[in-house]
Amino acid sequence: MQSCDSLSSQIETLLEVSRLSSGPPSVERKEVDLALLTREIVAPLAEPASEAGCLIEVRADHPVIGDWDLVRVRQIVTNLITNAAAHACCAPIEVSVEEFGDGAVLTVRDGGPGIAPADQARIFDRFVQLAPERLHHRGFGLGLWIVRQNAAALGGKVTVDSAPGAGATFRVELPRL
Ligand SMILES: Nc1ncnc2c1ncn2[C@@H]1O[C@H](COP(=O)(O)OP(=O)(O)O)[C@@H](O)[C@H]1O
Ligand SMILES: [Mg+2]
């Protein structure tokens with residue numbers, strides 16, 4: 001059953017890459033509470049992650065209201081959490097959503113192996129995978145490219161703050177526009 005879920009999520013990734021490759025995705029903005037939406041997206045991921053030894057803590061207690069696209073936000077959050085669980089397994093994962101400037105900032109922080117400064121820009125490119133010895137998960141090196149395309153489609157950006165051995169914090173700024 002788990003391998004069916006994993007196969008269907010891989011197919012979903014490839015379909016999404018094929019859609020995003022043909023140009024910026026359509027964006028359907030709708031008023032949402034980004035904090036609540038993030039909690040809803042994380043909830044079904046928390047149980048399988050905790051079975052694999054990763055605790056996910058969400059700090060998104062205050063409403064952050066704005067017009068965002070549910071599908072784009074879901075892809076951003078899901079890919080960042082999947083990465084934290086796959087590449088930084090067994091260290092707790094912290095997700096937060098806060099007001100930032102005239103918009104919001106969403107962060108996913110892990111206490112895993114981190115990413116060397118020289119690699120921090122290129123991990124957002126298509127098909128880039130580092131540390132193949134850690135790649136027991138079946139990724140394609142596409143998740144962060146999908147995150148970057150989705151953040152850009154919403155007028156925002158994704159950055160990473162990390163050092164080898166000191167975990168990684170992915171930060172997504174999402175303006176209200
Ligand atoms: N949270 C993380 N901690 C350490 N390395 C990471 C993390 N997230 C991504 N990476 C690195 O960035 C690479 C690209 O990530 P991604 O595009 O999602 O591809 P994939 O997860 O399929 O390998 C990964 O192969 C991994 O080396
Ligand atoms: Mg990935």
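We count ligands from 1, going down the list as the structure has it; atoms in each ligand are counted the same way.
The two residues Gly155 and Pro175 have their closest heavy-atom pair at O-CG, 3.1 Å. Of all the heavy atoms in Ile81 and Ile93, the pair that sits closest is O-CD1, 4.4 Å.
A salt bridge links Glu99 with Arg176: at least one charged nitrogen is closer than 4.0 Å to a carboxylate oxygen. Electrostatic pairing of Glu28 and Lys30 does not count as a salt bridge here, judged by no charged N lying under 4.0 Å from a carboxylate O. Using a cut-off of 4.0 Å between Lys/Arg side-chain N and Asp/Glu carboxylate O, Glu16 and Arg72 are scored as salt-bridged. A salt bridge between Arg74 and Asp69 is absent, with no side-chain N of the basic residue lying under 4.0 Å from a carboxylate O of the acidic one.
At least one N/O-N/O distance between Asn83 and ligand 1 falls below 3.5 Å. Residue Ala168 has no N or O atom closer than 3.5 Å to an N or O atom of ligand 1. Looking at ligand 1, you won't find any N or O of Ile115 less than 3.5 Å from one of its N or O atoms.
Interface of Gly139 with ligand 1, defined as ligand atoms under 4.0 Å from a residue heavy atom, comprises 22 (O). Less than 4.0 angstrom separates some heavy atom of Gly143 from each of these atoms of ligand 1: 16 (P), 17 (O), 18 (O). Set against the non-hydrogen atoms of Val128, the atoms of ligand 1 under 4.0 Å away are 13 (C), 14 (C). For ligand 1 and Phe140, the ligand atoms under 4.0 Å from any heavy atom of the residue are 22 (O). The distance from ligand 1 to the heavy atoms of Leu142 drops below 4.0 Å at these ligand atoms: 17 (O), 19 (O).
Counting only non-hydrogen atoms, the option in Val147, Leu144, Ile93 that gets closest to atom 15 (O) of ligand 1 is Leu144. With His87, Gln10, Gln129, Arg122 as candidates, the residue nearest to atom 7 (C) of ligand 1 on a non-hydrogen basis is His87. Counting heavy atoms only, Asp110 comes closest to atom 1 (N) of ligand 1 of the residues Asp110, Ile81, Val108, Thr13. Around atom 19 (O) of ligand 1, the closest heavy atom drawn from Ala88, Pro113, Gly141 belongs to Gly141.
Relative to the ring axis of Phe140, Arg126 does not place its NZ or CZ within 45° and under 6.0 Å from the centre.
With a cut-off of 2.8 Å, the Mg ion (ligand 2) has no N, O or S atom of Thr82 in range.
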Is there a side-chain hydrogen bond (donor to acceptor under 3.5 Å, both in side chains) between Thr107 and Thr169? Walk through the geometry before answering. CA-CA 7 Å; Thr107 60; Thr169 302; over 6 Å; no
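Note on ligand 1: Gly112 sits outside its first shell, no heavy atom being nearer than 4.0 Å. Using a 4.0 Å cutoff on heavy atoms, Phe170 counts as a contact of ligand 1.
Side-chain atoms of Glu173 and Val158, non-hydrogen and from C-beta on, never get closer than 4.5 Å to each other. Taking 4.5 Å as the limit, every side-chain heavy atom of Phe170 sits out of range of all side-chain heavy atoms of Ile76.
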